[in-house]
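First comes the structure, then the notes that go with it.
Computed from a prediction, not measured in an experiment: that's the story for all the values here. Count residues from 1 along the sequence.
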Amino acid sequence: MCGIAGYLGNLNNSPDNKTIKRTLKIMSTRGPDDKNYFTKNVYTKNVTLLHSRLSIIDPSKKASQPFMDNEGILIFNGAIYNYLELRQELKEKKIKFYTKSDTEVLLKYLNVYGTSKLNELEGMWSFAYFNFKKNKLILSRDRFGEKPLYYQYSNSNLLFGSNLNYINSINKNKSSLNKKKIEEYIKFGWRSVFSSNDTFYKKVFALEPGTYLVKDLSRKVKLNKYWHPKRIKINEGLNFKKEKKLLKNQLFSEIKKKLRTDFSIACLLSGGVDSSTIASVSNKIMSNKIDCFSIKSLDKNYDESKLIEKNIKHIGCSHKYINMNKYNSFKELKDIINKTSSVIPSVTWLLFAIMCKKIKKLGYKVVLSGIGGDEMFGGYYIHHLHYLKSIMNKKKFKKQFNSWKKKTAIHIRSNELKDFKSYVKKNKLKNRGFSEIIELSKYFHKFDIGRIKSNNFLNDRFKNELYKDLFKQTLPTQLYGADNISMYYGLETRCPFLSKDIYSKSFSFPNNFLINEGIGKVILRSSMIHTVEKNILNSTNKIGFFSNLKNFFKINSKQFRKTLFSNNYVNSIIKKNKIEKLLKKKELTNQETHLIFNILNIAIFCNQKKQY
């Protein structure tokens with residue numbers, strides 16, 4: 001896990017030494033262990049590559065980056081989990097290695113195959129590779145977007161970085177804020193942010209997941225996909241018993257690869273199926289006990305301590321609770337926003353920040369997370385509604401509906417998520433999935449929900465909704481928060497469920513392998529019998545990872561109000577008097593909490609950039 005940045009373009013616009021040193025200093029947050037750069041003039045062009053390192057695999061100086069040989073040079077952020085298998089493949093081609101790092105394996109692999117076998121890589125990454133013989137630069141990002149990568153292309157000059165601040169530093173803060181994107185974020189929340197690849201800066205874009213970019217000295221930028229998740233088709237002929245065994249084997253294989261590191265690993269543990277699966281399997285694989293950490297919730301509605309205690313006893317892991325400190329978040333919130341040049345998706349991510357800070361202090365460098373399990377296997381309450389809607393015209397609907405009412409709906413606190421008729425009505429809207437935001441329109445001077453549309457990507461209705469969650473809505477938001485916050489504290493977050501092979505399995509399964517008779521994640525639960533604690537496998541009450549805004553901020557204090565309304569541009573979008581009334585409410589809905597936190601974040605962000 002590291003920071004990368006670079007430039008390929010005209011010689012007269014190339015970064016000077018002062019710019020390089022300033023950028024490397026900024027990059028030290030993502031890579032505190034080492035930093036270096038490479039620069040070379042090629043005819044009338046210049047290529048500059050910058051890297052800051054958080055050493056995880058082979059911490060030796062020989063494995064530092066930029067890493068080069070006679071054929072090419074690489075800067076790389078992330079981890080190639082199947083590097084040992086790829087290393088053996090390359091050794092059979094008589095290729096020699098001088099380190100034990102996945103970085104060297106990736107460089108040699110790109111030397112041999114270029115972009116032709118990117119789909120064979122298993123891992124999370126953003127990298128830049130320059131081939132000396134072809135004078136060609138390749139940028140690539142992993143399939144699910146676990147690692148960020150941004151780029152700006154103008155006047156034949158390409159700038160890129162794993163943090164927007166790096167691009168701003170290289171172009172000497174010439175990027176302007178993107179008002180349209182900022183306004184969409186305030187009004188429509190995080191699910192609107194990843195509907196396109198533009199960012200909070202004009203003409204600065206996120207390289208889309210599963211994509212690579214190519215630029216040589218003369219041609220324009222070319223973008224190509226190396227992975228095509230839409231091509232996976234449902235196979236109705238699959239046998240459930242056979243597939244659950246294959247899934248179990250796949251999960252053990254994936255988690256084993258995610259445990260490859262030269263440093264201690266921590267595992268986040270809740271009372272849910274996903275984190276329990278990762279912790280339980282990891283503990284069986286590792287020679288030592290897996291070290292697990294849980295947050296001590298201040299909200300009784302989100303207290304999972306009883307299930308967590310059963311989990312700990314069943315797994316036999318080492319475990320620590322992390323307590324949250326109330327009203328001590330302003331300083332770190334502002335610093336995270338400043339150093340990541342981004343905003344925090346929701347107040348719940350401040351809980352994640354507390355955990356990362358404590359885990360890092362205890363000496364860990366890698367943390368395992370269950371992110372992606374819900375999106376991959378149908379774990380959210382809304383997924384039950386999607387599934388029921390998809391079978392409304394089939395004979396099995398009545399039985400499935402009654403099972404849902406009996407087993408799952410009884411646990412749902414949100415009136416909207418347990419009202420199927422209302423869901424069906426709203427599902428007919430072009431902006432379905434954002435309809436709950438309409439109730440917030442009264443807090444803005446202008447509000448056009450028509451600007452947000454819900455697109456279809458797959459023919460199957462249910463799998464289409466899972467696809468949107470994986471690639472456009474909930475997962476991109478979680479990965480954005482997880483990477484920015486964990487890297488702020490010098491931690492690498494690994495998500496074992498995010499695998500092309502697990503995706504291929506899940507999206508080829510008949511839908512009733514995922515949701516059936518009122519239970520979500522059916523095949524995942526079944527595959528983990530005798531591995532995960534039975535009470536957790538049988539629980540249909542999804543408690544979730546959430547915290548109230550009032551646990552972190554005194555929202556009626558002068559400091560909070562001053563910061564919330566500190567930016568004139570943001571104030572011109574909202575109805576300040578209505579927001580002030582909202583702050584006085586005894587209890588805030590989740591949507592109201594998200595709204596206030598969005599305004600707080602973007603006000604801090606805009607003030608720091610000093611453009612509005």
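No side-chain donor-acceptor contact under 3.5 Å links Ser162 to the backbone of Gly3. For Lys550 (side chain) and Lys586 (main-chain N/O), a donor-acceptor pair under 3.5 Å exists by modelled atom type. In this structure, the side chain of Ser506 does not engage the main chain of Tyr503 through any donor-acceptor pair within 3.5 Å. Distance alone, capped at 3.5 Å, is enough to place a donor-acceptor pair between the Asn197 side chain and the Ala206 backbone. Under the 3.5 Å distance criterion, the side-chain polar atoms of His51 are matched with a main-chain donor or acceptor of Phe76. Judged purely by atom type and a 3.5 angstrom limit, Asn77 has no side-chain atom pairing as donor or acceptor with the backbone of Ile4. With Arg260 contributing its side chain and Tyr81 its backbone, the two residues share a donor-acceptor pair below 3.5 Å.
For His386 and Tyr423, the distance between ring centers is under 6.0 angstrom. No close placement of the Trp404 and Tyr387 rings is indicated, their centers lying 6.0 Å or farther apart.
Residues passing the side-chain hydrogen bond (donor to acceptor under 3.5 Å, both in side chains) test with Lys257 are Glu122, sequence neighbours excluded. Checked against ring pair (Phe, Tyr, Trp, His ring centres under 6.0 Å), Tyr201 has no partners two or more places apart in sequence or in another chain. Shown here are the side-chain hydrogen bond (donor to acceptor under 3.5 Å, both in side chains) partners of Ser566, two or more places apart in sequence or in another chain: Asn607. The side-chain hydrogen bond (donor to acceptor under 3.5 Å, both in side chains) search around Glu208 returns none, not counting sequence neighbours. With sequence neighbours left out, the side-chain contact (heavy atoms from CB on, under 4.5 Å) criterion links Pro209 to Arg141. Taking Ser101 as the reference, Thr99 meet the side-chain hydrogen bond (donor to acceptor under 3.5 Å, both in side chains) condition, with sequence neighbours excluded. Under the rule for a side-chain contact (heavy atoms from CB on, under 4.5 Å), the partners of Pro32 that lie at least two apart in sequence or sit in another chain are Leu54. With sequence neighbours excluded, the residues forming a side-chain contact (heavy atoms from CB on, under 4.5 Å) with Val366 are Ile56, Thr261, Ile265, Glu492, Arg494, listed by chain and number. By the side-chain contact (heavy atoms from CB on, under 4.5 Å) test, Ala279 pairs with Cys267, Leu269, Cys292, Ile315, sequence neighbours left out.
The shortest side-chain heavy-atom distance between Ile599 and Ile186 falls under the 4.5 Å cut-off. You'll find the side chain of Ile519 stays beyond 4.5 Å of the side chain of Thr408, heavy atoms only. Trp349 has its side chain out of reach of Asn484: every pair of non-hydrogen atoms, C-beta onward, lies at least 4.5 Å apart. Side-chain atoms of Lys187 and Leu440, non-hydrogen and from C-beta on, never get closer than 4.5 Å to each other. Looking at Asn567 and Ile602, their side chains never come closer than 4.5 Å, going by heavy atoms from C-beta outward. For the pair Tyr480 and Val193, the minimum side-chain heavy-atom distance is 4.5 Å or more. At a threshold of 4.5 Å between non-hydrogen side-chain atoms, the residues Thr199 and Lys181 do not count as touching. Here the side chains of Ile278 and Ile290 are not in contact, with every heavy-atom distance at 4.5 Å or above.
Between Tyr185 and Phe200, the ring planes are perpendicular. Angles over 60° get that label, and only those under 30° would be called parallel.
Salt-bridge annotation for Asp335 and Lys331: absent, with no side-chain N of the basic residue lying under 4.0 Å from a carboxylate O of the acidic one. Salt-bridge formation is not detected for the pair Glu309/Lys306: no Lys NZ or Arg NE/NH1/NH2 atom is positioned less than 4.0 Å from an Asp or Glu carboxylate oxygen. Taking the charged nitrogens against the carboxylate oxygens, Asp483 and Arg30 do have a contact shorter than 4.0 Å, which makes a salt bridge.
With no hydrogens or angles considered, a side-chain donor-acceptor pair links Ser270 and Ser275 at under 3.5 Å. Counted by atom type alone, Asn541 and Ser539 present zero donor-acceptor pairs between their side chains at under 3.5 Å. Between the side chains of Tyr489 and Glu332, a donor-acceptor pair is found at a separation under 3.5 Å. For the residue pair Asn535 and His314, no side-chain donor N or O sits within less than 3.5 Å of a side-chain acceptor on the partner. Lys296 and Ser305 form no side-chain donor-acceptor contact under 3.5 Å, judged by distance and modelled atom types alone. Side-chain N/O atoms of Ser499 and Glu254 include a donor and acceptor closer than 3.5 Å.
Among pairs with a residue in residues 587-607, those fulfilling salt bridge (Lys or Arg N to Asp or Glu O under 4.0 Å) read Lys585-Glu592, at least two apart in sequence or across chains. The salt bridge (Lys or Arg N to Asp or Glu O under 4.0 Å) pairs that include a residue from residues 276-291 number zero, where partners must be two or more places apart or lie in different chains. Applying the salt bridge (Lys or Arg N to Asp or Glu O under 4.0 Å) rule to pairs touching residues 531-547 yields Asp374-Lys542, sequence neighbours excluded.
Of the residues Lys521, His411, Lys407, the one that meets the side chain to side chain donor-acceptor pair (under 3.5 Å) test with Thr540 is His411.
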| said: For Phe565 and Glu580: C-alpha separation, side-chain torsions, deciding distance, then whether side-chain contact (heavy atoms from CB on, under 4.5 Å) applies. | reply: CA-CA 10 Å; Phe565 302 122; Glu580 286 178 330; 3.7 Å; yes
| request: May I have the step-by-step check of side-chain contact (heavy atoms from CB on, under 4.5 Å) for Asn163 and Met27, ending in yes or no? | output: CA-CA 8 Å; Asn163 182 311; Met27 293 171 67; over 6 Å; no
| said: What verdict does the side-chain contact (heavy atoms from CB on, under 4.5 Å) test give for Asn415 and Lys418, after you've listed the backbone C-alpha separation in whole Å, the side-chain angles of each residue and the deciding distance to 0.1 Å? | reply: CA-CA 5 Å; Asn415 290 327; Lys418 58 184 177 183; 3.5 Å; yes
| request: Evaluate the side-chain contact (heavy atoms from CB on, under 4.5 Å) criterion for residues Phe497 and Ser369: first the C-alpha distance (whole Å), next the side-chain angles of each, then the deciding distance (0.1 Å), finally the verdict. | output: CA-CA 9 Å; Phe497 285 110; Ser369 168; over 6 Å; no
| message | Applying side-chain hydrogen bond (donor to acceptor under 3.5 Å, both in side chains) to Lys463 and Asn511, what does each step give before you reach the verdict? | response | CA-CA 8 Å; Lys463 288 286 172 54; Asn511 292 341; 3.2 Å; yes
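Here the closest heavy-atom approach between residue Thr563 and residue Ala603 is recorded as O-CB, 3.8 Å. Taking all atoms of both residues into account, the shortest heavy-atom contact from Leu247 to Ser527 is CD2-OG, 3.9 Å. For Ser422 against Asp419, the heavy-atom pair with the smallest separation is N-OD1, 3.1 Å. Between Tyr380 and Glu375, the closest heavy-atom pair is OH-OE2, 2.7 Å. Nearest heavy atom pair, residue Ser294 against residue His319, reads OG-NE2, 2.8 Å. In terms of heavy-atom proximity, Leu514 sits nearest to Met376 at CD1-O, 4.3 Å.
When the shell of 6.0 Å around NZ of Lys500 is examined, it contains more than 12 heavy atoms from other residues, nucleotides or ligands.
The distance from atom CD1 of Ile604 to atom CG of Asn601, rounded to the nearest 0.5 Å, is 6.0 Å.
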